[in-house]
There are 2 protein chains.
Amino acid sequence: MRRSAEETKRSILAAARERFAAQGYDRATVRAIAADAGIDPSMVMRYFGSKEALFATAADFDLAIPDLSRAPRERVGEALAAHFFRRWEEDSGQLRILLRTAVTDEAVTERIRTVLAEQITPPIAELRAAGTDGPAPSASSDAPTRAAMVASQMLGVALCRYVLRLPPVDTMDADDLVARLGPTLQGYLVD
Amino acid sequence: MRRSAEETKRSILAAARERFAAQGYDRATVRAIAADAGIDPSMVMRYFGSKEALFATAADFDLAIPDLSRAPRERVGEALAAHFFRRWEEDSGQLRILLRTAVTDEAVTERIRTVLAEQITPPIAELRAAGTDGPAPSASSDAPTRAAMVASQMLGVALCRYVLRLPPVDTMDADDLVARLGPTLQGYLVD
DNA sequence: CCGTAAAGTCAACACTCGTTGGCCAACGCT
DNA sequence: AGCGTTGGCCAACGAGTGTTGACTTTACGG
């Protein structure tokens with residue numbers, strides 16, 4: 001009994017997150033994760049049951065979206081971009097796991113679809129409904145399309161910055177990126 | 001001797017492209033590719049030497065970039081977006097291979113960096129140099145940054161449309177996407 | 001102070017992968 | 001017809017994978 005159970009469990013989880021983020025699901029082997037955590041591979045199975053279960057808990061995090069109602073209407077795009085980077089810069093591991101595994105694992109892809117539909121689209125629809133004052137019918141809402149355009153730009157820049165490490169996006173100041181992405185998101189949000 | 005050598009070779013290559021595009025490098029097994037081509041796995045080695053060599057020839061294609069000098073200056077963004085989709089819609093397989101493997105294979109990532117630096121950045125630098133009439137010094141050219149922003153948006157929308165199949169981007173008309181992406185690229189290109 | 005449960009190690013299983021070498025069969029030529 | 005070349009298959013090897021069970025060591029409580 002060197003370490004406590006909870007302590008070892010956290011150690012395994014941390015090593016798993018790092019490996020999954022750096023190498024993706026297939027190339028991150030249980031043996032390598034165990035070696036990083038300083039224990040035997042069998043302990044991974046003991047504490048998490050299977051590699052897939054380990055990945056499930058390692059990839060179980062929330063990507064909360066802010067309320068767009070605050071922030072001046074002319075700068076909502078910039079505010080949204082800033083929010084994303086504020087979250088990503090403090091922990092890019094989760095995002096790297098998401099992008100590295102989404103291209104292979106259908107479950108992760110489905111999760112992104114859900115986040116887009118349930119967490120990104122509604123605030124945008126609300127923002128646009130608030131824009132049209134009065135009982136404007138806003139016939140066929142294109143909020144899903146606008147949300148998807150926002151997602152495509154943000155996923156793209158995240159891919160280039162954290163996964164592909166494409167210069168000069170990978171080394172730019174987050175502030176500079178926000179300044180450049182702001183007008184784009186603004187265009188997608190409010191035309 | 002059922003088929004000619006060249007015929008079988010093409011058959012293997014076609015199966016390989018489909019598998020690599022759909023599953024990425026690791027999950028596209030030599031055995032599965034051989035089964036798709038209707039021959040024995042050993043034939044793959046005979047004709048291509050190794051799995052990595054097979055991948056190299058399967059992923060060896062050019063992503064040519066158009067000349068931005070034509071097209072009216074106010075619509076250069078839209079023209080560029082249209083060009084990408086014209087190329088992608090006729091053969092999305094190559095692009096899927098690129099995106100699915102770039103997140104795992106460092107060589108593919110490096111290839112993207114090279115394309116960005118040698119094929120995308122120069123035309124943009126030239127476009128901007130042509131914009132400033134006269135001997136404007138254009139002190140520190142931010143063409144690399146602008147090119148990277150363009151790349152981030154286009155890679156992002158390609159990821160969403162062809163790999164993640166994120167609704168509604170995956171089913172939208174290419175024309176509609178071009179219309180929405182045009183202003184964004186325009187902003188990145190000419191401020 | 002000893003027994004017991006927890007924390008950890010070890011060796012192995014069953015499987016899949018890329019890869020190899022030997023064998024077989026069909027065609028084209030003289 | 002005979003022969004060599006060529007396209008193809010079969011069986012197997014060696015390495016690496018996730019996973020399992022039995023064994024060993026450590027700490028703690030009566």
Side-chain angles (χ1 to χ4, degrees), chain A residues 1-60 97 100-108, chain B residues 1-60 97 100-108:
Chain A
M1 286 189 192
R2 301 283 281 277
R3 295 178 284 192
S4 106
E6 287 304 318
E7 194 175 354
T8 317
K9 204 170 176 181
R10 273 195 305 269
S11 176
I12 294 174
L13 205 55
R17 288 214 170 95
E18 191 53 43
R19 284 279 177 183
F20 283 139
Q23 304 182 305
Y25 183 84
D26 290 312
R27 301 198 176 180
T29 78
V30 172
R31 282 175 164 85
I33 293 172
D36 288 353
I39 43 96
D40 194 83
S42 60
M43 298 303 293
V44 176
M45 315 308 297
R46 222 201 228 318
Y47 285 126
F48 293 92
S50 71
K51 180 185 182 182
E52 207 153 343
L54 169 64
F55 174 75
T57 72
D60 181 30
I97 293 180
R100 276 239 165 75
T101 59
V103 301
T104 314
D105 194 325
E106 180 62 26
V108 178
Chain B
M1 287 190 194
R2 302 281 284 276
R3 295 177 285 190
S4 113
E6 287 305 317
E7 193 174 356
T8 319
K9 204 170 175 180
R10 275 195 304 270
S11 177
I12 295 175
L13 206 54
R17 289 216 170 92
E18 190 54 42
R19 284 279 177 181
F20 284 138
Q23 304 182 302
Y25 184 83
D26 290 313
R27 301 200 175 179
T29 80
V30 172
R31 286 175 161 86
I33 293 172
D36 288 352
I39 43 95
D40 192 84
S42 61
M43 300 303 296
V44 176
M45 315 307 298
R46 238 209 205 315
Y47 285 126
F48 293 91
S50 70
K51 181 185 181 181
E52 208 154 340
L54 169 64
F55 174 75
T57 72
D60 182 29
I97 292 180
R100 276 238 165 75
T101 59
V103 301
T104 314
D105 194 326
E106 181 62 24
V108 178

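Just so we're on the same page: letters track the sequence lines, and every chain starts at 1. The structure presented is a predicted model; accordingly, all values stated were derived computationally and were not measured. When reading the values below, keep in mind they use all heavy atoms of this one structure, side chains included, and skip hydrogens, waters and symmetry mates.
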(request) Can you see which heavy atom on B:Gln23 is nearest to which on B:Arg100, and at what distance? (result) C-CD, 4.1 Å
(request) Could you tell me whether B:Tyr47 contacts a base, only the sugar-phosphate backbone, or nothing, with contacts defined as non-hydrogen atoms closer than 4.0 Å? (result) sugar-phosphate
(request) Take the angle between the ring planes of B:Phe55 and B:Phe20 and call it parallel below 30°, perpendicular above 60°, tilted in between. (result) perpendicular
(request) Find the distance A:Glu6:CD to C:dG8:P and express it as a whole number of Å. (result) 12 Å
(request) Working to the nearest 0.5 Å, report the span between CD of B:Glu6 and CG of B:Leu13. (result) 11.0 Å
(request) With the side chain of B:Ile39 defined as its heavy atoms from C-beta on, choose the nearest nucleotide among D:dC9, C:dT9, D:dG18. (result) D:dC9
(request) Might you point out which heavy atoms bring A:Asp26 and A:Lys51 nearest each other, and give the distance in Å? (result) O-NZ, 3.8 Å
(request) Find the distance A:Met45:CE to C:dA14:C1' and express it as a whole number of Å. (result) 14 Å
(request) Starting from P on D:dT26, measure out to CE on A:Met43 and report it in whole angstrom. (result) 15 Å
(message) Using a 3.5 Å limit for the pairing distances, which stems of at least 3 consecutive Watson-Crick or G-U wobble pairs does DNA chain C take part in?
(response) C:4-30 with D:1-27
(request) Any chance you could measure A:Leu54, atom CG, to A:Arg19, atom CZ, to the nearest 0.5 Å? (result) 13.0 Å
(request) Tell me what B:Ser42 touches on the nucleic acid: a base, only sugar-phosphate, or nothing, going by heavy atoms under 4.0 Å. (result) base
(request) Round to the nearest Å and state the distance from A:Asp40 atom CG to D:dT25 atom C1'. (result) 14 Å
(request) Over all heavy atoms of both residues, which pair between A:Val30 and A:Pro41 is shortest? Give the atoms and the distance, please. (result) CG1-O, 4.1 Å
What protein N or O atoms touch nucleotides 12-16 of chain D N or O atoms at under 3.5 angstrom, if any, and at what distances?
none

(message) Expressed as a whole number of angstroms, how long is the span from A:Asp26:CG to C:dG18:P?
(response) 12 Å
(request) Starting from C1' on D:dG7, measure out to CD1 on B:Ile12 and report it in whole angstrom. (result) 11 Å
(message) Between C1' on D:dT17 and CG on A:Leu54, what's the gap in Å once rounded to a whole number?
(response) 15 Å
(message) Is there a side-chain contact between A:Thr8 and the phosphate of C:dG8, meaning an N or O under 4.0 Å from OP1 or OP2?
(response) yes
(request) Give the minimum heavy-atom separation between B:Ala28 and B:Ile33, together with the two atoms involved. (result) O-CD1, 4.4 Å
(request) Could you tell me the separation between the OH atom of B:Tyr25 and the OG1 atom of B:Thr104, rounded to the nearest 0.5 Å? (result) 11.0 Å
(request) By nearest nucleotide on DNA chain D, pick out whichever of A:Val30 and A:Arg46 is the more 5' one. (result) A:Val30
(message) Rounded to whole Å, please give me the gap between CZ in B:Arg27 and C1' in C:dT16.
(response) 14 Å
(request) Quick one: pull up CZ in A:Arg46 and CG in A:Asp40 and give me the separation to the nearest 0.5 Å. (result) 10.5 Å
